[in-house]
J.: 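Here you go, one structure.
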Amino acid sequence: MKYISTRGGVAAEAFSDILLEGLMRDGGLALPETIPQVSSETLEQWRSLSYADLVAEVLSLFATDIPKEDLQALTRKTYTSDVFGSEAIVPLKKLDDSITLVGLSEGPTLAFKDMAMQFLGNIFEYVLAKRGLRINILGATSGDTGSAAEYALRGKKGVNVFMLSPYGRMSDFQRAQMFSLQDKNIHNLSVHGVFDDCQDVVKALSNDLAFKEKYRLGAVNSINFARISAQIAYYFWAWLRATNTSGQEVSFTVPSGNFGNILSGHLARLMGLPIRRLVLATNENNVLEEFFKTGIYRPRASEQTYATSSPSMDISKASNFERFVYHLLDNDGAKVKALWDTLAKQGYFDLSDLKPEFESKFGFVAGSSSHADRLDTIKQEYEQNHYLLDPHTADGVKVAREFVEEGIPMLVLETALPAKFTETIQEAIGQAAPVPAHLADLHNLPQRVEVMDCDVEQIRAYMVANIEQ
Ligand SMILES: *Cc1c(COP(=O)(O)O)cnc(C)c1O
């Protein structure tokens, strides 16, 4: 399997090569040249696999340059009950007769990003050791990516992490989680700006090819295709647990920001998994909802990005969206490039002529949720179903209810646990969310962070001064 760029401008590369890079050289994103197909017979054979072995099966279709035994050793080292709290790794939790949650937040940072990131930490170490290389991870986070990356990469050989986060925009818990790490290879940079500003700095430095090559910059944000591919596995897992007959359709609802999680669902569907609908849920930052309802994509400036009570979805320029558009445009990289040129010039693009295909061909529908919806949903589910949702998953449940269909299981991805967002839980139900015992002391730990202006040169200088050679 080779990987091409969404903008069509580079030669195809192997999985291990794109693993260590961020954007492709032409500014596009890596995608597999063809989509591997999984037959219904194969799917039925996968029913008895453990989570770790299922991930190895799925990944072996994408990482064809790594021996399958090695992939299996890596997934077995990653997906353990010690790290993910139960043998199931991803438990399905029935909320009521129409909705089931897919428990993706049982890992060390209580959010779904652990699912792929814990694997990424291990496969990075494996590939770097094989090639005798070191890498410097430069990333931007609105909260959960950063902590998931840091917990996955802390202490890993050959890896430094520089993580940019928007100053004052993360929850106390997210801050405590990230900034309390004392590992020497972890650097937290708190930047005056919003998430998109942080992401722009990452893009500026990664687009400086001389700098990128000299310091071997890598990425762990959701543009890293290894993350996308590891996430595909839990769509398969959830389908296998929620159905008992071949061909039975299910729908998924995905609380979305950067379009990474739902893109994995989109790929699972293209691989042949019987997914009826992919329901995209946004918060007040509803650029993607607007696109799926109108065909017009109009990213917003950072001043127009609201700070909401589901902060990990406060994104108005979704990096991974370009990968979906590539498929929408029949894999035509030149068209994608032209479209992004148009976007840079006029601030939006219009694909309304393709709108009928969004659902009929790709299964996509969308909805959004406001602060009031979020609080109502948390309160209602707590009172009626005795389950405490985190604010992001609550956005998912709110939107999912608008798309439930008779006879089609609706699986909502649980993207975080409520303990991370206790202010909002307090507001919704008048009491704090329970904190897992092993995290009770988190807020008392000393924190380590550098506060900086949103300035590419200042951030570059900090990195250069702090890279361990
Ligand atoms: C990152 C995140 C999201 C959004 O996922 P994307 O892959 O960026 O669409 C949703 N909820 C939570 C809790 C997250 O951490």
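Remember, it's 1-based here, ligands and their atoms both numbered in the order they're listed. Note that the numbering runs from 1 along the sequence shown for the chain. Values in this document were obtained by computation on a predicted structure and should not be read as measured data.
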J.: Between Asp314 and Thr305, is any side-chain donor less than 3.5 angstrom from a side-chain acceptor?
T.: no
J.: Within the protein, flag every N or O under 3.5 Å from an N or O of ligand 1, and note the pair and distance.
T.:
from: ligand 1; atom 1: 7 (O); to: Gly260; atom 2: N; distance (Å): 3.1
from: ligand 1; atom 1: 7 (O); to: Asn261; atom 2: N; distance (Å): 2.8
from: ligand 1; atom 1: 8 (O); to: Asn258; atom 2: N; distance (Å): 2.7
from: ligand 1; atom 1: 9 (O); to: Gly257; atom 2: N; distance (Å): 2.8
from: ligand 1; atom 1: 9 (O); to: Asn258; atom 2: N; distance (Å): 3.2
from: ligand 1; atom 1: 9 (O); to: Phe259; atom 2: N; distance (Å): 3.0
from: ligand 1; atom 1: 11 (N); to: Thr415; atom 2: OG1; distance (Å): 2.9
from: ligand 1; atom 1: 15 (O); to: Lys113; atom 2: NZ; distance (Å): 2.5
from: ligand 1; atom 1: 15 (O); to: Asp144; atom 2: OD2; distance (Å): 2.5

J.: The criterion is salt bridge (charged side-chain N to carboxylate O under 4.0 Å, His left out); which residues satisfy it with Lys335, sequence neighbours excluded?
T.: none
J.: Pick from Asp395, Asn286, Asn283: which one makes a side chain to side chain donor-acceptor pair (under 3.5 Å) with Ser369?
T.: Asp395
J.: Under 3.5 Å, is there a donor-acceptor pair linking the side chains of Thr109 and Asp114?
T.: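 Asp114 and Thr109 do have a side-chain donor-acceptor pair below 3.5 Å.
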J.: Could you tell me if the ring centre of Phe324 sits under 6.0 Å from that of His266?
T.: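 Yes.
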J.: For atom CD of Glu33, decide whether the heavy atoms of other residues, nucleotides or ligands shown that lie under 6.0 angstrom number more than 12.
T.: yes
